[in-house]
Amino acid sequence: MTNANEPTAAGAPADPHSGATDFIRDIVAADAQTGKWGRPITTRFPPEPNGYLHIGHAKSICLNFGIARQFGGVCNLRMDDTNPAKEEVEYVESIIQDVRWLIDGWADSVLAPQVYYASDYFEKLYQYAIELIRMGRAYVCDLTAEQLIEYRGAPDRPGKPSPYRDRGVEENLNLFARMRAGEFPDGARTLRAKIDIGSPNIHMRDPAIYRIRRVDHHRTGSQWTIYPMYDYAHCLSDSIEGITHSICTLEFEVHRPLYEWILAQLQVPQPPPRQIEFARLNLGYTVMSKRKLLQLVDEGLVGGWDDPRMPTVAGLRRRGVPPAAIRTFCARIGVTKYEGLTDIALLEHSIREDLNRRARRVMAVLRPLKMVLVNYPEGQVEEIEAVNNPEDPSAGTRRVPFSRELFIERDDFMEHPPKDFYRLAPGREVRLRYAGVIRCEEAVKNAAGEVVELRCTMDPGSRAGGPTSHRKVKATMHWVSAAHALPAEVRLYDRLFTVPEPDADPQGRDFKTFLNPHSLELLTDCRVEPSLAGASPETYYQFERLGYFCADSRDCQPGKLVFNRTVTLRDSWAKAAAKAM
RNA sequence: UGCCGAGUGGUGUAACGGUAGCACAGCAGACUCUGGAUCUGUUUGUCAUGGUUCGAAUCCAUGCUCGGCAGCCA
């Protein structure tokens, strides 16, 4: 069960999905028991390629692939590409990449080798439609879109039959063929299922199953001028692929009778796939609709679909979130029919937990403050041994240069510290990580009264192996050697929105009203230890005492280091300080 | 007001007629060369009212609240 992508540290938790149970798995388990399909449990993940995948999709991916994995089945990745007006190849490619990245090392073996496309079934779907017409279960309707709305009625208003409802089979066949042949303009006619115009369920009031759209499709080109609607294409695609369990979100619950009706009319393998609905993921302080995410991208409010602040899979990846952390998160939130709002802290916890076991520790100073050790020999350089990962001894150690002039974190010094601040201040002692105990003798200021340099002395006996090396001091601080540190740019990310539900404002204000102006803080004068020289996006780092970081996949280069902060470390001082405000 | 669905601590969930448990968050403490990690303790809950039952979060009834459905989108 272990693999290259999983942490090797002792105590790593087992696959969080392995023993998972929820109401859907209960159903699948019961169905698997009866073996009524006579084939392995088969699920599918069917995104429409009209945007990038987000963490809500990740929930669905974990569910569908997780079930296939757990029950020894397979899961098909299928592009639900029946609406050429909205869909693009860029999205197809990103979806494939994101799914593979997310399940790699976990459920890659249950992913069917080929990617499926609903558009591959257009001809079959067309033939099924002819069958429906022959049975008198579908008809060509000449009503305009506006008329159709009127005729269909409303939730509390009954529908009335289309004047074209009782067209003869031959006429329907002829008109449908001519629709396909491109003889009619967009929207001129539809093919409608003949079900029950009086149904209390609007989706059963003779729904349109084909529309005329003279638009090129990203895969079938100009081959088609009519395209099947979701309700018609989806159930049949499931049937064609031998799906046993068709898992979708709650809003499709009212579509289920239609799903079942279509498969009950046609000569398709029995029993049909079973549709089961679950609640989509809602995460605090972000938005999860592709339409809104697209808006953020199009209006340049973020850097793109993979902006590290985006809840997209690509954004999370670039931010430095490991796929295993996303999977653990998805396992933790569970699967129900209750539509709640998940606390972002749960995601952050899953990320920290994963990264704590996985990330290499290094020292980096974000806001440098110069420190001179006045009793340390000028020109001397030591290589101090530092632990790469205290959670994983096999990660080994490295050597970090130490010298007379250092940079420490500006936030680690206060001239007039409040009572709970126990880092450095004039006259106070702290430990420099791995190096020894130092005492602040003087804070040098510039003309403006700003502290620009600290002059300190080191207790020589407190060095590693020294007689007082185990002295107790209140704080340990990170540092870099001024002459050896590498310059770097660091991007600090915060939540994208200032309110938990930006798209549910009681006053109806637009979600963009709540964009967090401080969601990105750019730090251009950072210093990192020399071992980071060849940092790559594939390596996760913990900058000690600061948080988890990774090299930016777009902008980080050997000569120009750029890091993204994935998530901060838990910080009880920051919390206390914020509370005191 | 039509149809469908959902209500368990602050949040996400478990308990499938038999002691309301877990995780996150919060709080308190221990430990610590990361104010990290780890460990310990702890506050807070079954939407309401009836009924069935020895026993109800669970079954029944009524009510309340919330969500979805009126694209030739998915």
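We name chains A, B, ... by the order of the sequence lines, and we start the count at 1 in each one. Keep in mind the model is a prediction, meaning the values are calculated, not measured.
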Helical stems, RNA chain B - three or more consecutive Watson-Crick or G-U wobble pairs below 3.5 Å: B:2-7 with B:64-69, B:10-13 with B:21-24, B:26-30 with B:38-42, B:47-51 with B:59-63

So, is A:R213 near the phosphate of B:C73, with a side-chain N or O under 4.0 Å from OP1 or OP2? yes

Is any side-chain N of the basic residue among A:E529 and A:R398 closer than 4.0 Å to the acidic one's carboxylate O? yes

Do we get A:R219 above A:F122's six-membered ring, with its NZ or CZ under 6.0 Å from the centre and within 45° of the axis? no

Please enumerate all protein N or O atoms sitting under 3.5 Å from an N or O of nucleotides 2-8 of chain B, with distances to 0.1 Å.
from: B:G2; atom 1: N3; to: A:P155; atom 2: O; distance (Å): 3.0

Would you tell me if any nitrogen or oxygen in the side chain of A:R570 comes within less than 4.0 Å of OP1 or OP2 on B:A37? yes

Taking B:U49 as the reference, what is the distance to B:U65 when you measure between their P atoms (whole Å, please)? 16 Å

Under 30°, 30 to 60°, or over 60°: which ring-plane class applies to A:H234 and A:Y259, parallel, tilted or perpendicular? tilted

Tell me whether A:R44 is salt-bridged to A:E241, with the criterion being a basic N under 4.0 Å from an acidic carboxylate O. no

If you check the A:L346 side chain, which of B:C33, B:C24, B:U34 turns out closest? B:C24

Which listed nucleotide (B:C33, B:G36, B:C24) is nearest to the side chain of A:A345? B:C24

Please give the distance between the C1' atoms of B:U13 and B:A57 as a whole number of Å. 14 Å

Regarding A:Q542 and A:E544, is there a side-chain donor-to-acceptor distance under 3.5 Å anywhere? no

Expressed in whole Å, how much space separates the C1' atoms belonging to B:G26 and B:C33? 29 Å

